[in-house]
Number of protein chains: 2
Amino acid sequence: MARTENVETHDPAAPREVGTDDLEDFSEFAPDVFQRGCSSRQTLEIVAAKWGVLALAALRDGSVRFNALRRKIDGVSEKMLSQTLQALERDGLVVREVRETIPPHVEYSLTALGTQVSDSLASLIRVIEDAVPEVVEAREAYDARKPA
Amino acid sequence: MARTENVETHDPAAPREVGTDDLEDFSEFAPDVFQRGCSSRQTLEIVAAKWGVLALAALRDGSVRFNALRRKIDGVSEKMLSQTLQALERDGLVVREVRETIPPHVEYSLTALGTQVSDSLASLIRVIEDAVPEVVEAREAYDARKPA
DNA sequence: CCGAATCCGATTTGATACTG
DNA sequence: CAGTATCAAATCGGATTCGG
């Protein structure tokens with residue numbers, strides 16, 4: 001019974017929206033993404049969250065500033081990008097470097113681990129982008145079968 | 001302004017929770033996951049959704065029945081698994097085969113495209129599982145820096 | 001200019017119950 | 001067995017506000 005006791009409906013003092021689950025620590029066991037609570041599953045949920053893939057992919061170019069990332073990733077809000085980057089930084093996939101200039105200058109880049117992950121994602125993205133015609137066709141066929 | 005006019009707070013008659021965005025059709029353009037509305041981005045959001053990765057990974061073993069998938073993917077609800085599989089089927093990554101017996105017998109398997117995607121995901125998962133010790137350490141360091 | 005914190009509606013999620 | 005329906009709760013995400 002190490003689950004949270006936080007039963008307060010919608011606690012506003014909890015800025016823990018992306019990838020900050022606090023289930024049990026499974027780090028002693030063989031990592032298995034299929035087991036919930038496993039660290040690897042937690043990391044997967046951050047990486048494979050709505051903005052995680054795109055953030056990691058966008059960082060392959062090298063070091064990128066916050067607003068440059070924001071512009072590149074169409075549709076992301078400041079809040080979600082910020083949260084996503086924080087979660088990725090916490091898991092050691094991304095580094096955040098602050099240059100104390102005026103105006104401030106913050107750059108994000110990949111760690112070695114982040115680069116490995118990003119490489120896998122790049123291959124995933126390539127497959128998906130190349131498959132667009134096929135996917136569109138599949139969708140049309142599916143929707144024709146199930147118009148309901 | 002082609003966005004939905006569905007302003008009714010929480011319309012229960014809308015079973016469109018996974019991967020059924022209805023933005024514009026970008027299929028004429030060069031696919032770019034960074035552009036919202038692009039088909040490739042829609043597919044990515046299904047694949048890289050909370051349960052998409054695990055479902056595709058779980059299907060690498062071959063043809064699997066619904067409840068077997070459900071047992072393998074710890075924590076998934078029937079509803080989400082069902083929605084995820086439907087979305088994946090719609091995009092042509094998964095095939096659903098029904099055997100009209102009593103009791104019913106439904107098997108899911110990967111298409112050729114689904115297999116390609118799943119291969120990328122397998123590599124991603126391997127990286128993440130192998131990195132668990134590193135990630136756990138990174139988390140501790142991060143939390144020590146920012147206990148607030 | 002960079003980004004974090006707060007507020008709050010909308011969407012997604014998941015337990016449970018129910019159907020073919 | 002393989003889902004769908006229902007509803008409450010959690011999460012998301014945009015707008016705005018605040019701080020360095």
Side-chain angles (χ1 to χ4, degrees), chain A residues 3-4 6-23 36 45-46 49-52 54-55 63-71 73-87 89-90 94 96-108 146 148, chain B residues 3-22 36 45-46 49-52 54-55 63-71 73-87 89 96-108 146 148:
Chain A
R3 303 300 283 280
T4 59
N6 196 338
V7 197
E8 292 199 44
T9 49
H10 180 234
D11 177 8
R16 315 165 63 264
E17 302 186 35
V18 169
T20 47
D21 311 42
D22 52 359
L23 301 169
R36 70 170 165 180
E45 291 194 354
I46 293 164
K50 188 166 185 183
W51 305 111
L54 295 174
S63 210
V64 189
R65 298 183 62 169
F66 185 86
N67 279 328
L69 273 177
R70 182 152 156 50
R71 278 189 298 276
I73 304 172
D74 189 24
V76 73
S77 68
E78 290 187 356
K79 178 185 172 181
M80 292 318 295
L81 182 55
S82 177
Q83 284 182 359
T84 299
L85 290 169
Q86 279 184 45
E89 188 193 3
R90 187 171 105 103
V94 159
R96 177 176 181 275
E97 278 169 308
V98 190
R99 203 135 339 140
E100 291 291 1
T101 58
I102 297 178
H105 188 97
V106 182
E107 300 228 324
Y108 294 89
K146 316 187 66 168
Chain B
R3 302 301 280 280
T4 59
E5 301 287 342
N6 196 338
V7 197
E8 290 199 46
T9 49
H10 180 232
D11 177 9
R16 318 168 57 264
E17 302 186 35
V18 169
T20 48
D21 311 40
D22 51 1
R36 70 170 165 179
E45 290 193 355
I46 294 163
K50 188 168 184 184
W51 305 111
L54 294 175
S63 209
V64 189
R65 298 182 62 169
F66 185 85
N67 279 327
L69 273 176
R70 183 154 155 50
R71 278 188 299 274
I73 304 172
D74 189 25
V76 73
S77 68
E78 293 183 352
K79 178 182 169 181
M80 291 317 296
L81 182 55
S82 177
Q83 284 183 0
T84 299
L85 290 169
Q86 281 183 41
E89 188 193 3
R96 177 175 180 275
E97 278 168 308
V98 189
R99 205 139 330 145
E100 292 290 0
T101 58
I102 296 175
H105 187 100
V106 182
E107 300 230 325
Y108 293 89
K146 318 185 67 167

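Order of the sequence lines sets the chain letters (A, B, ...), proteins ahead of strands, with each chain counted from 1.
- Between the CG atom of A:Asp74 and the C1' atom of D:dG13 there is a distance of 15 Å, given to the nearest Å.
- The side chain of A:Trp51 places no N or O atom within less than 4.0 Å of a non-bridging phosphate oxygen (OP1 or OP2) of D:dC12.
- Following rounding to the nearest Å, A:Met80 (CE) and C:dA5 (C1') show an atom-to-atom distance of 14 Å.
- Not one side-chain nitrogen or oxygen of A:Gln83 sits closer than 4.0 Å to the OP1 or OP2 atom of D:dG13.
- To the nearest angstrom, P of D:dA2 lies 14 Å from CD1 of B:Ile102.
- When the P atom of D:dG14 is taken as reference, atom NZ of A:Lys50 falls 7 Å away, rounded to whole Å.
- Heavy atoms of B:Glu107 sit nowhere under 4.0 angstrom from any nucleic acid atom.
- Within the 4.0 angstrom heavy-atom criterion, only backbone atoms of the sugar-phosphate kind lie near A:Gln86; the bases stay farther away.
- The side chain of A:Ser77 places no N or O atom within less than 4.0 Å of a non-bridging phosphate oxygen (OP1 or OP2) of D:dG13.
- Atoms CD (B:Glu78) and C1' (D:dT6) sit 14 Å apart, rounded to a whole Å.
- Along DNA chain D, the nucleotide nearest to B:Arg96 and the one nearest to A:Pro104 differ in position, and the one closer to the 5' end is contacted by B:Arg96.
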Run the numbers on A:Gln86 and A:Arg90 for side-chain contact (heavy atoms from CB on, under 4.5 Å), then give the verdict. CA-CA 6 Å; A:Gln86 279 184 45; A:Arg90 187 171 105 103; over 6 Å; no
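- The phosphate of D:dC1 (OP1 or OP2) has no side-chain N or O of B:Tyr108 nearer than 4.0 angstrom.
- Residue A:His105 contributes atom NE2, which lies 14 Å from atom P of C:dC1 at whole-angstrom precision.
- OP1 or OP2 of D:dT4 lies within a sub-4.0 Å distance of a side-chain N or O belonging to B:Ser82.
- In this structure, the CG atom of B:Leu69 is 13 Å from the C1' atom of D:dG3, given to the nearest Å.
- Within the model, atoms CZ of A:Arg71 and CG of A:Leu81 stand 11.5 Å from one another, a figure rounded to the nearest 0.5 Å.
- Each of D:dA2, C:dC2, D:dG13 was ranked by its minimum atom distance to the side chain of A:Arg65; first place goes to C:dC2.
- The closest donor-acceptor contact from the side chain of B:Thr84 to the backbone of B:Met80 lies under 3.5 Å.
- Comparing atom distances between the A:Lys79 side chain and each of D:dG3, D:dA15, C:dC2 picks out D:dA15 as nearest.
- In this structure, CD on B:Glu45 lies 5.0 Å from NZ on A:Lys50, to the nearest 0.5 angstrom.
- Protein atom CG of A:Leu81 is 17 Å distant from nucleotide atom C1' of D:dA15, rounded to whole Å.
- In this structure, CZ in B:Arg65 is found 14.5 Å from CZ in B:Arg70, a value given to the nearest 0.5 Å.
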